[in-house]
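Here is the structure we will look at, set down as structure tokens.
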Amino acid sequence: MEKLQNYIDGALVAPSKGTYLDNYNPSTGKVYSLIPDSDEWDVKLAVEAANRAFPAWADKKKDERADLIMHLAHLLEEKHDEFAKAESIDNGKPLWLSRSVDIPRAVSNLEFFATASLHFASESHNMDGHAINYTLRDPIGVVGCISPWNLPLYLFTWKIAPALAAGNCVVAKPSEITPMTAYMLSKLCVEIGFPKGVFNIVHGLGPKVGSAIVSHPDTKAISFTGGTKTGAEIARVAAPMFKKLSLELGGKNPVMIFADCDWDKMMKRTIDSSFTNQGEICLCGSRIMVERSVYEKFKKEFAEKTNALKVGPPLIDDSRLGAIVSKQHYEKILSYIDLAEEEGGKILCGGKAVKLGGEEKDGWYIEPTVIEGLPYNCRTNMEEIFGPVVTIMPFDTEEEALKYANATEYGLTAMLWTENLTRAHTIAAKLRSGIVWINCWLLRDLRTPFGGTKNSGVGREGGWEALRFFTEPKNVCIKL
Ligand code: NDP
């Protein structure tokens with residue numbers, strides 16, 4: 001069985017204690033590879049290597065750093081099919097999705113930040129001719145990047161690319177549930193001779209490896225994407241050490257549908273925003289609010305279209321939804337469906353596990369599920385489920401829809417469907433979320449600020465926001 005390795009100081013190495021964890025294929029429920037069960041010793045070695053590499057990497061001309069990152073991007077692009085297949089096997093997502101979104105976006109992340117760093121400028125403030133201030137932006141040093149399992153390589157590269165391009169050295173940890181493509185990326189780094197120690201990957205469990213990265217005194221900034229509870233734990237450890245923190249956390253995103261929307265576009269994209277990646281995208285809409293005059297029409301058509309979505313093995317072309325990432329997560333989603341029924345919800349479609357035959361008989365599959373009849377503030381409507389489960393509810397006025405939309409502790413994204421321009425802008429301004437999509441979903445310009453309000457996070461990623469996060473500003477004031 002394949003044993004993955006850590007990538008430390010430019011080499012692929014076994015974990016120091018020699019122990020490994022099982023890596024499951026969610027489509028079959030079987031172990032298919034082994035992951036280093038690393039610990040704080042491996043993290044220490046990685047941080048030391050990164051510290052040694054930092055002065056030379058920070059001193060490199062930015063175009064030399066950009067060239068190396070672009071080289072990595074090109075190689076990844078060449079191996080697109082291999083990576084897409086590996087991502088689908090490791091995560092359970094359909095191959096069409098890895099091919100069209102995950103791997104192309106990982107390439108774009110590397111290319112975008114490699115080239116963005118060439119255009120990144122810092123400010124100058126002229127004090128009416130008496131003095132000039134200018135801001136230097138230096139790399140921070142060694143930084144930690146910790147990413148989740150839902151968009152494995154996509155979110156991993158979204159962090160490591162700006163960190164490296166800005167001149168930092170990185171110690172990164174992918175989710176132990178989906179480590180494969182980060183491991184394959186480390187093999188590409190070895191192939192192109194990425195400078196030793198600049199980029200390190202330590203595989204293993206969050207409470208062992210992740211927390212060792214966060215608590216190491218020499219990691220000066222932590223960029224984390226994952227659950228809100230984990231984010232709170234990271235903040236608790238990092239804040240007294242005065243580390244820079246970027247936290248991208250959970251969501252419970254509202255979709256607001258008004259009767260005057262472009263119906264067909266709304267319907268198609270709302271199916272996507274509900275069930276793409278088995279609903280395991282932090283940006284998925286999970287609470288759908290529909291203006292009462294079109295509620296019955298919406299309910300009928302949405303349930304019919306949801307029923308028609310095929311759940312199947314990730315590598316089969318016509319599977320619209322693949323497998324749920326882990327047994328634990330599969331059980332969590334099913335327990336939320338039970339909770340919804342206990343809370344008085346009516347299941348309009350789905351609601352059950354899917355049992356496939358053959359090799360997939362022990363895989364973790366769930367029907368796309370639509371539930372109605374729940375109060376806006378019940379647990380099902382307040383807590384993050386992070387699976388193919390949505391609730392629908394009618395509303396009568398804009399105020400009521402806004403009240404429902406803003407009711408949760410989360411504030412990552414919100415979707416709004418209306419052809420009324422004034423209403424669109426008015427509601428967008430009142431929504432308490434970091435991102436609002438009007439008449440679209442998941443339309444991403446990598447230059448825009450990305451992140452959430454309330455318990456969905458602290459700070460923003462994307463564009464200059466990321467390059468600012470990964471640099472330390474220093475103001476220099478010259479009296480003229
Ligand atoms: P987790 O918070 O469980 O884990 C995220 C990462 O943190 C993993 O690599 C995990 O390792 C690691 N980790 C766990 N405990 C610690 C710790 N004490 N110290 C440091 N690191 C730790 O999230 P999931 O992987 O389950 O991802 C799903 C969550 O991510 C959802 O809540 C989702 O909303 C959120 N998310 C947010 C996004 C955003 O942009 N706002 C985007 C995508 C997802 P291990 O896997 O070994 O536990």
Side-chain angles (χ1 to χ4, degrees), residues 21-24 35-40 43 90-91 93 102 105 109 144-156 158-159 171-180 182 201-216 219 222-238 243 245-253 276-286 324-326 328-330 332-333 336 383-387 408-413 433-435 442 444 448-462 465-466:
L21 301 161
D22 290 338
N23 187 24
Y24 287 86
I35 313 156
D37 181 13
S38 315
D39 62 17
E40 70 277 10
V43 171
D90 211 27
N91 170 278
K93 66 179 70 211
D102 290 76
R105 175 59 193 276
N109 288 339
C145 296
I146 302 175
S147 52
W149 47 256
N150 62 330
L151 301 164
L153 195 64
Y154 174 138
L155 289 175
F156 189 75
W158 180 238
K159 294 184 180 305
V171 178
K173 189 195 101 60
S175 170
E176 127 265 348
I177 298 167
T178 53
M180 187 55 86
I201 304 177
V202 186
H203 294 276
L205 297 169
K208 266 160 92 174
V209 174
S211 68
I213 293 174
V214 175
S215 60
H216 196 295
T219 51
I222 303 293
S223 174
F224 168 80
T225 298
T228 294
K229 255 174 92 177
T230 317
E233 170 61 15
I234 288 173
R236 191 188 63 76
V237 175
K243 298 190 182 203
L245 269 184
S246 168
L247 302 174
E248 297 298 333
L249 309 175
K252 186 75 181 174
N253 308 310
T276 300
N277 207 43
Q278 300 73 246
E280 298 165 332
I281 302 182
C282 53
L283 309 167
C284 277
S286 53
I324 302 297
V325 73
S326 69
Q328 193 191 10
H329 193 55
Y330 162 86
K332 176 188 151 183
I333 297 169
Y336 267 104
E383 297 175 16
E384 186 181 40
I385 301 174
F386 214 56
T408 72
E409 68 180 36
Y410 297 108
L412 188 53
T413 181
S433 63
I435 301 156
L442 211 57
R444 292 278 295 118
T448 58
F450 178 90
T453 60
K454 301 196 274 182
N455 292 5
S456 288
V458 176
R460 293 292 183 273
E461 298 185 319
E465 302 277 347

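Numbering of ligands and ligand atoms starts at 1, following listing order.
Shown in contact with G210 at under 4.0 Å from a heavy atom are these atoms of ligand 1, numbered in order with element: 19 (N), 20 (C), 21 (N). The ligand atoms of ligand 1 that sit less than 4.0 angstrom from a heavy atom of F450 are 40 (O). Close approach of ligand 1 to T230 (heavy-atom distance below 4.0 Å) involves ligand atoms 1 (P), 2 (O), 3 (O), 13 (N), 14 (C), 15 (N), 16 (C), 17 (C), 22 (C). Atoms of ligand 1 lying under 4.0 Å from any heavy atom of G227, numbered from 1 in the order shown and given with element: 1 (P), 2 (O), 23 (O), 29 (C), 30 (O), 32 (O).
With a heavy-atom cut-off of 4.0 Å, V209 does not touch ligand 1 at all. At a 4.0 Å heavy-atom cut-off, ligand 1 does not touch L151 at all. Contact annotation for I146 and ligand 1: only side-chain heavy atoms (C-beta onward) come within less than 4.0 Å of the ligand. Residue contacts with ligand 1 for I234 involve side-chain atoms from C-beta outward but no N, CA, C or O (heavy atoms, distance under 4.0 Å).
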**side chain to side chain contact (heavy atoms under 4.5 Å, CB included) between V325 and F386, worked out** = CA-CA 11 Å; V325 73; F386 214 56; over 6 Å; no
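Polar contact check, E176 against ligand 1: a nitrogen or oxygen pair lies under 3.5 Å apart. Considering both main-chain and side-chain atoms, N150 never comes within under 3.5 Å of ligand 1 through any nitrogen or oxygen pair.
The minimum heavy-atom distance between K93 and P152, with the atom names listed, is NZ-CD, 4.1 Å.
In this structure, the side chain to side chain contact (heavy atoms under 4.5 Å, CB included) partners of T448, at least two apart in sequence or on a different chain, are R444, D445. Residues forming a side chain to side chain donor-acceptor pair (under 3.5 Å) with R460 (at least two apart in sequence, or on another chain): none.
In terms of protein heavy-atom proximity, atom 39 (C) of ligand 1 is closest to C282 SG, 3.3 Å. Scanning all protein heavy atoms for the shortest distance to atom 9 (O) of ligand 1 gives S147 O, 2.9 Å.
Closest to atom 32 (O) of ligand 1 by heavy atom, among R236, E384, K173, is E384.
No donor-acceptor contact under 3.5 angstrom links the side chains of Y410 and E384, judged on distance only. With 3.5 Å as the limit, one finds no donor-acceptor pair spanning the side chains of N150 and N277. Using modelled atom types, one finds a donor on one side chain and an acceptor on the other under 3.5 Å when comparing K159 with T225.
Protein heavy atoms are found inside the 4.0 Å sphere centred on atom 23 (O) of ligand 1.
At least one heavy atom of G204 sits closer than 4.0 Å to an atom of ligand 1. Residue contact annotation: I213 has no non-hydrogen atom under 4.0 Å from ligand 1.
For the pair T413 (side chain) and I435 (backbone), a donor-acceptor distance under 3.5 Å is present.
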